[in-house]
Amino acid sequence: VGVALGAFGAHGLRNVVHDERRLAAWTTGTHYHLLHSVVLLAASHARAPIACRLLCTGITLFSGSLYLYCVTGQKMFGALALIAGWLALALRR
């Protein structure tokens, strides 16, 4: 999904959105989406279900809010779930 959204942002979205800050937000969203997808794979391999749930929530809220901002200009916040996911992975027993 992250790769498809990145491709859409690079090729299709530039014709619709002309604000460079909003396009940069889309790029940031795809970078975080892809990076945390890899971390999610590692967390599932480490059998850390709480970290997995928090990372999924964080990807959806954080990257999703950046995608929404790019398309609509409306800002949201979702970084806390990503931070909580990292903490849960680091502190797992």
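In this text the structure is predicted, and so the values were computed from the model without any measurement.
Using modelled atom types, no side-chain atom of S63 and backbone atom of T60 make a donor-acceptor pair closer than 3.5 Å.
The structure places CG of L13 at 5.0 Å from CZ of F8, a figure rounded to the nearest 0.5 Å. The line from CZ of R21 to SG of C70 is 12.0 Å long, rounded to the nearest 0.5 Å. Atom-to-atom distance recorded for L61:CG and L68:CG is 11.5 Å, nearest 0.5 angstrom. To the nearest 0.5 angstrom, L40 atom CG is 11.0 Å from L35 atom CG.
In terms of hydrophobic clustering, with Ile, Leu, Val, Met, Phe, Trp and Tyr side chains grouped at heavy-atom distances under 4.5 Å, L89 and I59 are assigned to a common cluster. Criterion: ILVMFWY side-chain heavy atoms under 4.5 Å apart, direct or through other members. Under it, L82 and L66 are part of a common hydrophobic cluster. Y67 and L23 fall within the same hydrophobic cluster, defined by Ile, Leu, Val, Met, Phe, Trp and Tyr side-chain heavy atoms under 4.5 Å apart, directly or through other members.
Note on ring orientation: taking the six-membered ring where Trp is involved, the planes of H36 and W86 are perpendicular (angle over 60°, cut-offs 30° and 60°).
Contact between L54 and A88 at its shortest, heavy atoms only, is CD1-CB, 3.9 Å. Here the closest heavy-atom approach between residue R92 and residue A48 is recorded as CD-CB, 3.6 Å. Closest heavy-atom contact between A51 and A43: CB-CB, 4.4 Å.
In this structure the side chain of Y69 reaches within 4.5 angstrom of the side chain of R22, judged on heavy atoms. Using a 4.5 Å heavy-atom threshold, the side chains of H45 and L41 count as separate. L5 places a side-chain heavy atom less than 4.5 Å from the side chain of H33. In this structure, V17 and W26 have side chains that are not in contact, with every pair of non-hydrogen atoms separated by 4.5 Å or more. Between I83 and L87 there is a side-chain heavy-atom pair separated by less than 4.5 Å.
Heavy atoms of other residues, nucleotides or ligands lying less than 6.0 angstrom from OH of Y32 number 12 at most.
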